[in-house]
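Because the structure is predicted, anything quoted here is derived from the model rather than measured. Numbers restart at 1 for each chain; the letters A, B, ... are given by sequence-line order, proteins then strands. Quick note: numbers below take in every heavy atom, side chains included, and nothing from hydrogens, waters or symmetry partners.
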Amino acid sequence: MSVRTRFAPSPTGGLHLGGVRTALYSYLYTKKHHGQFVLRIEDTDQNRYVEGAEQYIIDCLNWCGITPDEGPHLPGDYAPYRQSERKADYKPYALQLVEQGHAYYAFDTPEELEAMRNNFKSPNNPSPQYDHNTRMKMKNSLTLLPEETERLLAAQTPYVIRIKMDENEVITFQDMIRGEISNESGLVDDKVLLKADGMPTYHLAVVVDDYLMKITHAFRGEEWLPSAPVHIKLWEYLGWKNDMPQWAHLPLILKPDGHGKLSKRDGDRLGFPVFAMDWQDAKTGEMMQGFRERGFLPEAFVNMLAMLGWHSGEEKELFSMDELISSFSMERVHKHGAKFDFEKAKWFNHEWIKHSTEEHLLPQVKKHLQQANIPVGDDDKLSNIIALVKDRCTLLHDFVQQTGYFYQSPASYDLESIQPKWSAEKKDFFESLMLRFKDLPDFKMQTIEESFKALAAEKNIKVGELQLPFRIMLVGGKFGPGVFQIAELIGKEAVEMRVGAVLGQL
RNA sequence: GCCGCGUUGGUCAAUCGGUUAAGACGCCUCCCUUUCACGGAGGAAUGACGAGUUCGACUCUCGUACGUGGUACCA
């Protein structure tokens, strides 16, 4: 049977890096087995629906190269792919469960539920559940007379449908990552399956849709482990147990410092992105930064995420998507959470920039330069420059500093690095150098260097002591590739201008 | 509180009963380079604790501690 997995985010905001990793692992597993990867939008909570979030999720996946085979934007045989559009499909199953005695109607109002939690609260049980201990004290089809239930239903009284968990059963299932996991059914509450607005909860929807969409392997975060027994029972009660997907509960990505899982707030606090791409909150107008805008290559982002929770077993850390697909295996996915390390993330990006070709880098670098108002000329020149400076760039934004001086005069010069050792002799050297440059047969790196060194010898000044001032005159600071190389690329005219400008300031 | 899951350097991690317990990031030192990087060489730094099984335990079992997740008509 062909492998089918799904990534099922809810469109409530930006796509968190943990979500991307879940998608990535599903994708890797699926592609390794030549299966189909499905995007399903879990928009059953209408209160939390956020405009634009769905398209954003699709864009993020595309940017990462985690491309779905089916989804709301790519309808396949199992459309629709938005749960809100499948609303009518769920209720019959909930009713079937009621019919079979595995679920029941509950008419408790939110206030009554709160009252129950307060009444039964004790130091030993701070959060009472709606379960076998309490359900017979609530207002539901188990406690009401059948005709009373009928009457309430007929009168259109708001109700939910809850699963009726057994009191004494050990629910066991196999997790691809953790092996056998057991829970006692009596400790699990009677989760709501169908909400008062007619929408299913996640619990019902995930089971029904995974079944209808023929999902074979279900990847999700570890936070779902506690409710897995509900899902297991649902597969069983609905009579689909033989079609149940294999579960894989992925470990969490944790905060680098304190405790707990990484949240979008941590990014702000610690100064790194948490979302894949920029996300602006429509309500608050707040902008949350994304890895893409921060200057990450998608290859590096994906590579970094892959290694956060999985290891090939080899001494290799740099993997392309294709390499990940062929190397990936569930046996090597870790059980424990990993603290996110932005320094390591940057290292991945640096490696990917160094190993990428100029052609590959060009469009992305160009975008960042244009945003910084750097007048990039033709692509060939930029390509040459990228080749020269890419070793020095960790994030794409670093290209702004590393290439800016090739296109425009430095905004400021690091004169402090020249002044202490500056002298009349050196000033004389540069003045003479400018005269020499006028007579040069060409303005190639080698010619410039020879002329520079010959003059230094004549003036009896060490070349090394002149190179730094020259660099600062051209570049503005202590960075960049070889000075003579830079001189050639910016051209004679610009060199004369910049040298003259600095000479005037010293 | 209860339940689930987890625990190798600061971080990511290899090891699938027998190793001087890999490697990477970060940090430090040196070399290269009279810029910044890249590159190269080296260094500091690890099995939570306690029992048990075993000739032998980081590896298996149990307990404790700690961490983490859940305990919603949210996913």
Requested in this report: Determine the Euclidean distance between corresponding P atoms of G6(B) and G43(B); express it in Å to zero decimal places.
Outcome: 37 Å

**Report entry** Integer angstrom distance from the P of G50(B) to that of A65(B)
**Finding:**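 Comparing P positions in G50(B) and A65(B) gives a spacing of 15 Å.
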
Is any side-chain N or O of [X] closer than 4.0 Å to OP1 or OP2 of [N]?
| X | N | result |
| --- | --- | --- |
| R162(A) | C73(B) | yes |
| K195(A) | A75(B) | yes |
| S417(A) | U35(B) | no |
| R332(A) | U15(B) | yes |

Using 30° and 60° as the class boundaries, would you call the ring planes of [X] and [Y] parallel, tilted or perpendicular?
| X | Y | answer |
| --- | --- | --- |
| F107(A) | Y105(A) | parallel |
| H203(A) | H231(A) | parallel |
| F429(A) | F452(A) | perpendicular |
| F430(A) | W422(A) | parallel |
| F342(A) | F272(A) | parallel |

Query - Proximity to RNA chain B (any heavy atom under 4.0 Å), residues of residues 19-26 of chain A only - result: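 Contacting residues: none.
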
Query raised in the report: Testing N118(A), N124(A), N125(A) for side chain to side chain contact (heavy atoms under 4.5 Å, CB included) with K121(A), which one passes?
Result: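 The side chain to side chain contact (heavy atoms under 4.5 Å, CB included) with K121(A) is passed solely by N118(A) among N118(A), N124(A), N125(A).
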
Query raised in the report: Across the strands shown, which category fits A196(A) at heavy-atom distances under 4.0 angstrom: base, sugar-phosphate, nothing?
Result: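 Answer is base: heavy atoms of A196(A) come under 4.0 Å of a base.
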
Query raised in the report: More 5' along RNA chain B: L308(A) or G480(A), using each one's nearest nucleotide?
Result: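 By nearest-heavy-atom nucleotide position, the 5'-most residue is L308(A).
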
Requested in this report: Using heavy atoms to find the nearest nucleotide of RNA chain B for G313(A) and Q83(A) separately, return the residue whose nucleotide is more 5′.
Outcome: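 Counting from the 5' end, the first nearest nucleotide belongs to G313(A).
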
**Report entry** Dot-bracket notation for RNA chain B, counting Watson-Crick and G-U pairs under 3.5 Å, with | for partners on another strand
**Finding:** (((((((..(((.....[....))).(((((.......)))))....(((((..]....))))))))))))....

Rounding to an integer number of Å, can you tell me how far [X] [atom1] sits from [N] [atom2]?
| X | N | atom1 | atom2 | result |
| --- | --- | --- | --- | --- |
| H249(A) | A75(B) | NE2 | C1' | 13 Å |
| F342(A) | C25(B) | CZ | P | 17 Å |
| D341(A) | A24(B) | CG | C1' | 11 Å |
| H16(A) | C74(B) | NE2 | P | 22 Å |
| R40(A) | A75(B) | CZ | C1' | 12 Å |
| E315(A) | A24(B) | CD | P | 7 Å |
| N118(A) | A72(B) | CG | P | 13 Å |
| I353(A) | C36(B) | CD1 | P | 21 Å |

Query raised in the report: Looking at A72(B), does its base get a donor-acceptor pair with the side chain of K191(A) below 3.5 Å?
Result: no

Quick check for you: among [options], whose closest atom lies nearest to any side-chain atom of [X]?
| X | options | value |
| --- | --- | --- |
| W224(A) | C3(B), A75(B), G23(B) | A75(B) |
| R392(A) | C73(B), U35(B), C36(B) | C36(B) |
| D45(A) | C5(B), C74(B), C73(B) | C74(B) |
| D189(A) | A72(B), A75(B), A24(B) | A72(B) |
| L187(A) | C36(B), C3(B), G69(B) | C3(B) |

Does any non-hydrogen side-chain atom of [Y] lie less than 4.5 Å from one of [X]?
| X | Y | result |
| --- | --- | --- |
| Q55(A) | P11(A) | no |
| F291(A) | M304(A) | yes |
| R178(A) | H249(A) | yes |
| T201(A) | L194(A) | no |

Query raised in the report: Between D341(A) and K344(A), is there a salt bridge with N-O shorter than 4.0 Å?
Result: no

Requested in this report: Going by the ring-ring contact (aromatic ring centres under 6.0 Å, His included) test, name the single residue among F219(A), F328(A), W310(A), F7(A) that passes it with Y25(A).
Outcome: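 Only one of F219(A), F328(A), W310(A), F7(A) forms a ring-ring contact (aromatic ring centres under 6.0 Å, His included) with Y25(A), namely F328(A).
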
Query raised in the report: For D131(A), which residues count as a side-chain contact (heavy atoms from CB on, under 4.5 Å) partner, sequence neighbours excluded?
Result: Q129(A), N133(A), T134(A), D189(A)

For nucleotides 6-9 of chain B, list the nitrogen or oxygen atoms of the protein found under 3.5 Å from its nitrogen or oxygen atoms, one pair per line.
{"from": "U7(B)", "atom 1": "OP1", "to": "H336(A)", "atom 2": "ND1", "distance (Å)": "3.4"}

So which protein N/O to nucleotides 39-42 of chain B N/O distances come out below 3.5 Å?
{"from": "G39(B)", "atom 1": "OP1", "to": "K354(A)", "atom 2": "NZ", "distance (Å)": "3.0"}

Report task. Examine R162(A) relative to Y130(A) and say whether NZ or CZ is less than 6.0 Å from the centre of the six-membered ring and inside a 45° cone about the ring axis. Result ->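 Yes, R162(A) and Y130(A) form such a contact.
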
Check residues 401-413 of chain A and write down every donor-acceptor pair under 3.5 Å in which the side-chain atom is one partner and the other belongs to a residue at least two apart or another chain.
{"from": "T403(A)", "atom 1": "OG1", "to": "F399(A)", "atom 2": "O", "distance (Å)": "2.6"}
{"from": "Y405(A)", "atom 1": "OH", "to": "Q402(A)", "atom 2": "O", "distance (Å)": "3.2"}

